[in-house]
Amino acid sequence: MVFFRSISRGISSSLSKTYGYYRKLRFLSNIPENTVYGGPKPQNPNQRVTLTTLRQKYKKGEAITMVTGYDYPSGVHIDMAGIDICLVGDSASMVVHGHDTTLPITIDEMLVHCRAVARGAKRPLLVGDLPFGTYESSTKQAIDTAVRVLKEGGMDAIKLEGGAPSRITAAKAIVEAGIAVIGHVGLTPQAISVLGGFRPQGRNIDSAVKVVETAMALQEAGCFSVVLECVPAPVAAATTSALRIPTIGIGAGPFCSGQVLVYHDLLGMMQHPHHAKVTPKFCKQFGQVGDVINKALLEYKEEVTNGSFPGSAHSPYKIGAADMDGFLNELQKLGFNDAASAAAAAAEKIQTS
């Protein structure tokens with residue numbers, strides 16, 4: 001009995017120490033305890049935009065707003081403006097990475113953009129593009145990529161370019177896997193190889209009918225919305241009328257259920273010749289941010305060059321007089337006389353400026 005009591009006390013002591021160890025570990029986290037152990041916090045339906053929110057706006061005939069952003073700052077601004085949908089588009093390939101097309105961007109690069117936007121945009125519905133080469137081979141590939149966009153990218157839904165039957169099938173499979181999908185018809189940038197470049201669609205009878213039929217097929221596949229890009233306004237109006245889901249226009253006239261523009265484009269942010277080359281004709285610049293940026297950079301360069309920046313106002317960190325004297329003495333002891341002279345001159349200049 002003594003033997004068993006001894007073992008029992010040993011086990012109890014060991015468990016107590018182990019519990020105490022993990023109890024200490026528990027409080028080492030830099031995240032509040034209730035966040036770590038309290039489970040997910042419920043979203044406020046009055047703040048977060050959901051598919052239900054969009055359906056309600058659509059039924060009421062209220063316009064849906066979408067902006068394409070690629071990073072944390074744009075996500076924050078899109079959130080603050082109360083935009084309904086934030087699309088993390090594969091157009092980042094051109095706008096952010098400087099490529100001539102959307103084709104080069106990879107899923108891993110897209111996920112970086114998705115996560116950054118998700119940290120900044122808490123209110124909008126977040127939609128991530130499936131980049132070229134990540135969903136065309138099979139329905140399994142399409143579902144696997146879509147799952148990554150939600151799980152690793154923090155998105156609420158995905159967008160894919162429709163047109164070919166295989167892409168309609170991919171959209172259907174992704175919806176059946178429980179993931180919300182926006183379709184995309186008209187000018188589909190991933191298909192520029194067969195379209196012969198960035199060319200408007202729906203400008204003849206066959207092409208116009210194809211826009212409507214493809215949008216209908218995406219609706220039947222389960223898409224909750226369809227983007228119409230670079231099609232004549234009457235074709236967009238016909239498509240919008242034929243569908244029972246919202247259409248989001250970009251270069252498709254005023255008769256869609258909503259509109260989307262790229263953050264950089266609508267702000268007039270980029271003035272570089274490369275960006276001017278790829279900025280679409282349909283984009284209205286609601287600001288001239290690029291001019292402001294250029295002016296600020298030139299002023300910064302000038303002030304650094306002439307030595308006026310940074311002045312005392314932007315050199316806020318001080319060292320007390322006694323510590324300064326001690327510092328100069330230590331420099332001199334070390335034989336750094338020139339350094340001591342430089343420090344003394346700097347201190348005097350900062351005090352008098």
Side-chain angles (χ1 to χ4, degrees), residues 63-71 73-105 110 113 117 121 124 126-129 131 159 161 182-192 195-203 211 225-237 239-240 246-295:
I64 296 169
T65 55
M66 180 193 288
V67 173
T68 301
Y70 311 109
D71 56 19
S74 61
V76 169
H77 286 294
I78 290 167
D79 187 298
M80 292 176 66
I83 301 297
D84 297 315
I85 305 172
C86 180
L87 170 66
V88 184
D90 62 353
S91 49
S93 178
M94 302 170 74
V95 179
V96 177
H97 295 273
H99 296 296
D100 289 329
T101 73
T102 64
L103 303 185
I105 198 165
M110 283 296 300
H113 290 293
V117 169
L126 301 178
V127 180
D129 256 338
K159 181 176 78 66
E161 295 185 6
I182 294 182
H184 184 157
V185 301
L187 170 56
T188 47
Q190 293 178 9
I192 60 169
L195 295 179
F198 295 102
R199 299 182 181 278
Q201 301 298 300
R203 300 180 72 180
V211 169
S225 180
V226 174
V227 170
L228 304 178
E229 181 169 357
C230 293
V231 300
V235 176
T239 306
T240 301
T247 57
I248 308 295
I250 177 166
F255 306 110
C256 298
S257 311
Q259 298 291 328
V260 58
L261 284 176
V262 171
Y263 178 84
H264 296 66
D265 292 344
L266 72 89
L267 293 179
M269 184 175 290
M270 305 287 280
Q271 304 299 321
H272 189 275
H274 169 82
H275 194 77
K277 179 177 67 175
V278 299
T279 300
K281 291 187 291 185
F282 57 74
C283 181
K284 177 180 178 180
Q285 294 187 342
F286 290 83
Q288 296 296 325
V289 177
D291 292 337
V292 176
I293 292 172
N294 289 340
K295 181 174 180 292

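Worth saying up front: this structure is predicted, and the values here are computed from it rather than measured.
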Note to self: If we ignore hydrogens and angles and just use 3.5 Å, is the side chain of Thr247 paired with the main-chain N or O of Cys256 as donor and acceptor?
What the structure shows: no
Next item on the list: State which residues pass side-chain hydrogen bond (donor to acceptor under 3.5 Å, both in side chains) with His97; sequence neighbours excluded, sorted by chain then number.
Entry: His113
Notebook entry, point to check: Heavy atoms, side chains only, cut-off 4.5 Å: are Val226 and Val185 in contact?
Noted result: yes
Next item on the list: Please step through side chain to side chain contact (heavy atoms under 4.5 Å, CB included) for the pair Thr240 and Phe255, ending with a clear verdict.
Entry: CA-CA 7 Å; Thr240 301; Phe255 306 110; 5.6 Å; no
Checklist line | pair Leu228-Ile248: side-chain heavy atoms closer than 4.5 Å | finding: no
Check: Is there side-chain contact between Pro200 and Leu187, with at least one heavy-atom pair below 4.5 Å?
Finding: no
Margin query: Is it the case that the side chains of Ser74 and Asp71 hold a donor-acceptor pair, with the cut-off being a distance below 3.5 Å and no angle test?
Written below: yes
Notebook entry, point to check: Taking atom CD of Glu229 and atom CD1 of Ile250, what is their separation to the nearest 0.5 Å?
Noted result: 5.0 Å
Checklist line | Derivation of the side chain to side chain contact (heavy atoms under 4.5 Å, CB included) call for Lys284 and Leu266 | finding: CA-CA 6 Å; Lys284 177 180 178 180; Leu266 72 89; over 6 Å; no
Checklist line | Residue pair Pro124 / Ile85, side-chain heavy-atom distance below 4.5 Å | finding: no
Next item on the list: May I ask you to decide if His99's main-chain N or O and Ser93's side chain share a donor-acceptor pair within less than 3.5 Å?
Entry: no
Next item on the list: Tell me, please, which residues at least two apart from Tyr70 pass ring pair (Phe, Tyr, Trp, His ring centres under 6.0 Å).
Entry: His264
Note to self: Walk me through whether Thr68 and Ser91 qualify under side chain to side chain contact (heavy atoms under 4.5 Å, CB included).
What the structure shows: CA-CA 9 Å; Thr68 301; Ser91 49; 3.9 Å; yes
Item checked: From His77 atom NE2 to Asp79 atom CG, the distance as rounded to the nearest 0.5 Å -> 11.0 Å
Notebook entry, point to check: Side-chain contact, heavy-atom cut-off 4.5 Å: Phe286 with Leu261?
Noted result: yes
Notebook entry, point to check: For the side chain of Gln259 and the backbone of Gly253, is there at least one donor-acceptor N/O pair under 3.5 Å apart?
Noted result: yes
Margin query: Whether the side chain of Asp265 engages the backbone of Cys283 through a donor-acceptor N/O pair (distance < 3.5 Å, no angle test) should be reported.
Written below: no
Margin query: Would you say that Ile182 contacts Met66 through its side chain, given a criterion of any heavy-atom pair below 4.5 Å between the two side chains?
Written below: yes
Margin query: Can a donor-acceptor pair be found, under 3.5 Å and without considering hydrogens, that links the side chain of Thr65 to the backbone of Asp84?
Written below: yes
